[in-house]
Structures are given as C-alpha cells and as structure tokens.
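Structure, as structure tokens:
Chain identifiers are assigned alphabetically (A, B, ...) following the order of the sequence lines, protein sequences preceding nucleic acid strands; residue numbering begins at 1 within each chain.
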Amino acid sequence: MRTWCGEVRETDIGSSQSIAGWVNRRRDHGGLVFIDLRDRSGVVQVVINPEDNAEVHNTAHEIRNEFVLQVQGEVRKRPEGTENPQIETGQVEVVVKGLKILSECKPLPFMIEDDTDDSEFLRLKHRYLDLRRPVIQKNIILRHRTTKSVREYLDAHGFLEIETPVLTKSTPEGARDYLVPSRMNPGHFYALPQSPQLFKQILMMSGFEKYYQIVKCFRDEDLRADRQPEFTQVDLEMSFVEKEDVMTLVEDLLKKIFKDVTDLEFKEQFQRLTYKETMERFGSDKPDLRFALELKDVGDLAKDSSFKVFLGALADGGLVKGINAKGLAGYSRKELDDLTEEVKTFGAKGLAWIKVKNGFESPIAKFFPEQTLKAIAQRLAAEEGDLLLFVADKGKVVNDSLARLRNELGKRLNLIKNDTYKFLWVTDFPLLEWNEDEGRYEAMHHPFTSPADEDIEKLLSLNFSDPELSTVHRSLFTEVKAKAYDIVLNGFEIGGGSIRIHKKDIQDKMFELLNISADDANSKFGFLLEALEYGAPPHGGLALGLDRLVMILAGAQSIRDVIAFPKTQKAVCPLSNAPSTVDGKQLRELSIKLDVAE
RNA sequence: GGGGUGGUAGUUCAGCUGGUUAGAACGCCGGCCUGUCACGUCGGAGGUCGCGGGUUCGAGCCCCGUCCACCCCGCCA
C-alpha cells in the first residue's frame, strides 16, 4: 500500500513506507541528495546517502524536477536542528532503500509553485502542469467539497437528482444560444441549454416535487472574470411552495456549505432588501454589503441651485445622487480625474465634487446657496476632511456609475475585509423591463416568473399593443412586481430564482406583454404551455452559480481559478485548441456550407 | 462592436531622447559540494524584440495595420 507523502508523521518513525509522487525539488549536494516528493496530499523530504546505497545514489543524480518516482524507504526523525516547521511532514524524512523512476520530465515551461505570475494563457496551455500547483489543487478540491455538501443537504431534504437534456431546443429569450447541427434533420439545430429551466418545470408538472441537478449551462455571450461560456449551476425546483420556502431552504443550504467548507457558521438570517431599496441605497441590485458608503439622493436640494448640469438632469426626469468618500478631501486633481474616468465608462458625463475643508471647496459651490450646501453635507453625513461626489444624469447612469464608484472607494478606503461574507436577498424585482433597442418589454428574470399576487389584476389590465401607450401606462408596467429573488454575496450575484407561473391564462398574458405572438409562443414553448393545461402544481426554485460561489469560498479573483479547464476571453481552450475547423466531409454530412470571410 | 493595459531568452521583467555587441533574475546544461529545504558555488548555452508594412543613414523604441492575452463597457442574470 502506498502512503500519502503529506501524511508521513513522527508516529511512522521506524516503519518502512512506499511513497510515490512528483519531484517538487531536488537538492543535490554531490554526496547527500534531498528530494521533496509531492503528491496530492503534500510533500515529504526523501534523503539519499551514497554510503547507504551507491546505485540508488547514482540514479538520484539523474533526477530532475517533476520526474515521477516510486520510493521505498524508512521513516526517520530528522537530525536535531534540521527540522522544517514550514511543512507538515517537517519533523521526519524518508531514507531511501529503493528508488524507481516511473516517468521522466522535460524542462518545464514554468515552475510548479504556488506563487506565480506566469501568463494565464501559458498556464491554460499546459493546464496539466498548472493544476499541479497546490493552490489550484486546493481550489478544485474545495469545489468537490462544495458539491458534496450540496448533494448531502438536498438528498437529506428529499430532493431527487434528475438529468435533463443537453441537446435541447433554442429559446428566443435571454442569451445567445450555442447551436449543434442535427445530421438526421438537415437544417435543424439543437441548442445547448442556457439553463434547464423548462425541463425542471416540466419535472414539477410530472410530479417529482423536488428536483435538483448540478448542471452545465451554456451562454454564447462575451466573457468576464466571473463569466465563462460554459458554467455550472446548482439548479433546484420544488412544488407546492411559496418564495419564503425556497429562500429558507437555500439559505439553510448556503449556511451548511459554509460550515462544511470553511468552518464558518452563520447564525442570523440573511439580510433582505427590496430591489427598489437596494437600487436607492447602493445603485445596484448586487451591492457589496461588507461596507456602507450609501448613496443619497440630493435631487430635491439640487433644485435650489443654479447648476445647469444638475437642473438639466432633473428636468429630463433623471437623478442627482451623491456619495461621501470619507476622509478623501486631500485628493489631488489627478486622483479626482481617475475617479471621473471610473464613472465615465457607464455613460456619466462627469463627476462633481465638494471637498469639506474649511468650509466647502468646490468648482460648483458658487451655484449653491450656503444653506443648500449645508443641507447636502448633512444628508451625506459629511465631516471635516470628507470628499463628496455627485453624478447627475438618467437614473440608470447615475446608479450604475455611483455603484461602481462605491466599489472603487470601498477598495481605496480599505473597507473590504477578507474572510468576511455578507449575504443579501434581493426581493420584489420588477416583472418587466423596457428594452430600448427592441422597443418592447422583456422579462427581467425570465418569462415564466410569476407576478406578485397583489399585482395580478394590474398585469391583466395592461395591454402592450395599446396605441395610446403613454408614459404613465408604461410606468405601470414596471410597477408590477415579480415573485423573484436573487441571492447576493459580497457584491456577486451567486443565485437567483422565482416562483413560476402555473396558470395558462397568466402565462399567455405574459407572452402577450412581451410581444410574443401565440403562434411564436407555441412553436417555442408549446410543450410547457400544454403541460400547464394538465394539472400543473404551483412551483418555484432557484439556481446557484457554483463557479462564483466556489470562487468566493476559495478567495480567488476569477472563476477560471476554480474551473479545471476554463476558456480564455475569446472562448478558446488553449489546452485542446477548441474551437477548431472541421473536415469538409463532416460539414457535408451536416448539410452545412461555410460563409467565412478570409 | 468599443475603451484600457500588456506582448523582448524557457519564464518574469528591464531596455533612457531612435544609435552601433539587446541585459537581469529564475529556469536549463556542465563541474565542484554529506544536512539541505527558494541549498551553495564556478562556468556555459539560450533572442523571428507577437506578426505585416512604413518613416529613417539607422527601429525593440516612432507611425499605420493586424493577431493574441487580461480588465472593463455593450452583451449576459
């Protein structure tokens, strides 16, 4: 039996052990040779003494980094003064009796060590080497422990793990689909699922009552540090529940995961905010609550100024909001310009500032009556030495840019403590959202999300095709609340769900409001609509973004660090070189002709 | 589609105002070394300066184009 390298201890002293692993490092003294042998569990020092075994000692000189060795040896206490407290096996060493080189290794493209600044592309190209780094292995193992915890919990609560198709049907709403051509049906395509949404609802209508799946989802959209084209969801759905049931269960599940994986216990209920409140206070529906720095609406006060930028924004129905950058009144022109650049990416035209420094120091102070400045300062709880920052524009621009600024200030002011976790439920999302480009409403969550009970009548009274669709009428659309909820952790949306529509008439109305014709709806979601007519139970669920959750648990900066084989920003896998061209024969079988610019 | 940063030895980087032979560290190869653990020490090899074009007596450096990587916007829940 092989012993784990990292588990050799003083209790093994005197025993003979067989170990195997990779050469983490070789220290060849000419006489004595030391080898740190590494396997998944850790490293142990192996000693080769020429006086013990000349033949083995000769072999030892040939050994290089990342050779794979089989070692037979005796565990010995290290001589006094040579112990290494840095490693877990540092009190002992293995004296070699027999040594076999199982595999050799060419010179490496990069060093196998935790601390790396090698380019990610190179690391992904040789991912099998990169994955040998203990830090990355730790992340992958942590991911395993997370999914194990999920399975234990959901199994204990009566959930059934059921697989859903990967070759499925393209859906018009939501993200761009990955398509797979069908050889048997020329000109027809499968789509890879953006989520198992429709199938899990069908499973509820099939009477399984509690379903879950740890499942790959696919979205052909541009990548980010926290977005990959294929990613994993912990997907779950329950029948005969209201949103409170789902939220309680998921909250409980997350608490168990944290306890199992990080040993942290969360006793209190997770904080909850409505969408409206979180947008007002933080400008975002996924605020990082590890720090305060709340936004304040100062539109009512700005009215009393003669500052055209503020007045103009208000006249156009926009907002003026501010944030208090605590203690940053000393900021230079350059630093203020940097902050301005931050907000400009979201469309803000500028960033107004007031330094609270022997009164008010600001290029815009002259437009404000003294008492208005005081009122603004008071609203932002300003103290001597603070820097007040303002954006005035359309509501969306103001909130997006100040939310970004808030995160930036949180970092600059060192308000974000590592190993702190702040969960937040965001509830009462609007059901619908106006899409400027397409000139129609879209489901904010997805088209199967149930409206809030109290808004159902309002919903049924709405009529998208009303030619008189006035601004007032439009605002009615966005007043309808959904039974949707997101779970946010440290500024990341790690999950979201809803209670679904289980009544045909409401689902029909929903499609009507989304300007999807009955014919269209039938050809795209007909099977779901039909199932709704054969005894559909009320149901709802949620999906957790496993990659993001594990990223946070691992303290990683990118989900690529918690995915064994991730893709680059251009959705390429440098290891396998996917995607690639294919033979003409394959294309002919699929009845596909290419139209690619040279 | 757009903005930003970067691309020089196997790797991470330096390379001044455009100047003649492009450097460092680590790694690699060889010698020496019996208590090291980022071993030490002596020596050595190693370059399509991402790619294409241009300006110039002369380009790693300037200009144009292009490719790739990362971060962000749009997009995506």
field: Ring-base stacking, Phe34(A) with U36(B) (5.5 Å, 30° cut-offs)
entry: yes

message: Under 4.0 Å, heavy atoms only, any strand: does Pro109(A) hit a base, just the sugar-phosphate, or nothing?
response: sugar-phosphate

- prompt: Across the strands shown, which category fits Glu51(A) at heavy-atom distances under 4.0 angstrom: base, sugar-phosphate, nothing?
  reply: base

query: With rounding to whole Å, what would you report as the distance between C75(B) and A38(B) at their C1' atoms?
result: 45 Å

task: Measure from CD on Gln45(A) to C1' on U34(B) and round the result to the nearest Å.
output: 13 Å

message: Measure CG/Leu108(A) against P/C26(B) and give the value in whole Å, please.
response: 17 Å

- request: Could you identify which residues of residues 126-139 of chain A place a heavy atom less than 4.0 Å from some atom of RNA chain B, listed by residue number, or say none?
  value: none

Which nucleotide in C39(B), C37(B), G35(B) has an atom nearest any side-chain atom of Asn84(A): C37(B)

message: Between G15(B) and U21(B), how many Å separate the two C1' atoms, rounded to a whole number?
response: 15 Å

- prompt: Rounded to the nearest Å, what distance is computed from the CD atom of residue Glu80(A) to the C1' atom of nucleotide U36(B)?
  reply: 17 Å

task: Quick one: label Asp220(A) by what it contacts on the DNA or RNA (base, sugar-phosphate, nothing), any heavy atom closer than 4.0 Å.
output: nothing

message: What's Ile87(A) touching, base or sugar-phosphate or nothing? Going by heavy atoms closer than 4.0 Å.
response: nothing

Between C39(B) (P) and Ile35(A) (CD1): distance, integer Å: 12 Å

task: Report the nucleotide, chosen from G35(B), U34(B), G10(B), that has the shortest atom-to-atom distance to any side-chain atom of Glu93(A).
output: G35(B)

query: Side-chain N or O of Arg27(A) less than 4.0 angstrom from OP1 or OP2 on C39(B)?
result: yes

message: Using atom P in both nucleotides, what's the gap between C68(B) and A22(B) to the nearest angstrom?
response: 31 Å

field: N/O donor-acceptor pair, side chain Glu341(A) with base G3(B), under 3.5 angstrom
entry: no

message: Taking only the P atom of each, what is the distance from C71(B) to C26(B) in whole angstrom?
response: 30 Å

task: For G43(B) and G50(B), measure between their C1' atoms and round to the nearest Å.
output: 33 Å

query: Which nucleotides of nucleotides 65-77 of chain B have their base under 4.0 Å from a protein heavy atom (B), which only their sugar-phosphate (S), and which neither (-), written as one string 5' to 3'?
result: ---SSBBSBBBBB

- prompt: On a whole-Å scale, what distance lies between the C1' atoms belonging to G1(B) and C76(B)?
  reply: 15 Å

task: Mind checking Arg76(A) for me? I need base, sugar-phosphate or nothing, with any heavy atom below 4.0 Å counting as a touch.
output: base

- prompt: Arg132(A) and side-chain hydrogen bond (donor to acceptor under 3.5 Å, both in side chains): which partner among Glu66(A), His126(A), Gln137(A)?
  reply: Glu66(A)

What nitrogen or oxygen pairs link the protein and nucleotides 30-33 of chain B at under 3.5 Å?
{"residue": "G30(B)", "atom": "OP2", "partner": "Arg64(A)", "partner atom": "NH2", "Å": "3.1"}
{"residue": "C33(B)", "atom": "N1", "partner": "His29(A)", "partner atom": "O", "Å": "3.2"}
{"residue": "C33(B)", "atom": "N3", "partner": "Asp28(A)", "partner atom": "O", "Å": "3.2"}
{"residue": "C33(B)", "atom": "N3", "partner": "His29(A)", "partner atom": "O", "Å": "3.4"}
{"residue": "C33(B)", "atom": "N3", "partner": "Gly30(A)", "partner atom": "N", "Å": "3.4"}
{"residue": "C33(B)", "atom": "N4", "partner": "Gly30(A)", "partner atom": "N", "Å": "3.3"}

message: Counting distance alone, no hydrogens or angles: does the base of C39(B) have a donor or acceptor under 3.5 Å from a partner atom on the side chain of Arg26(A)?
response: no

- request: Starting at atom CD1 of Ile48(A), determine the distance to atom C1' of C37(B), rounded to an integer number of angstrom.
  value: 14 Å

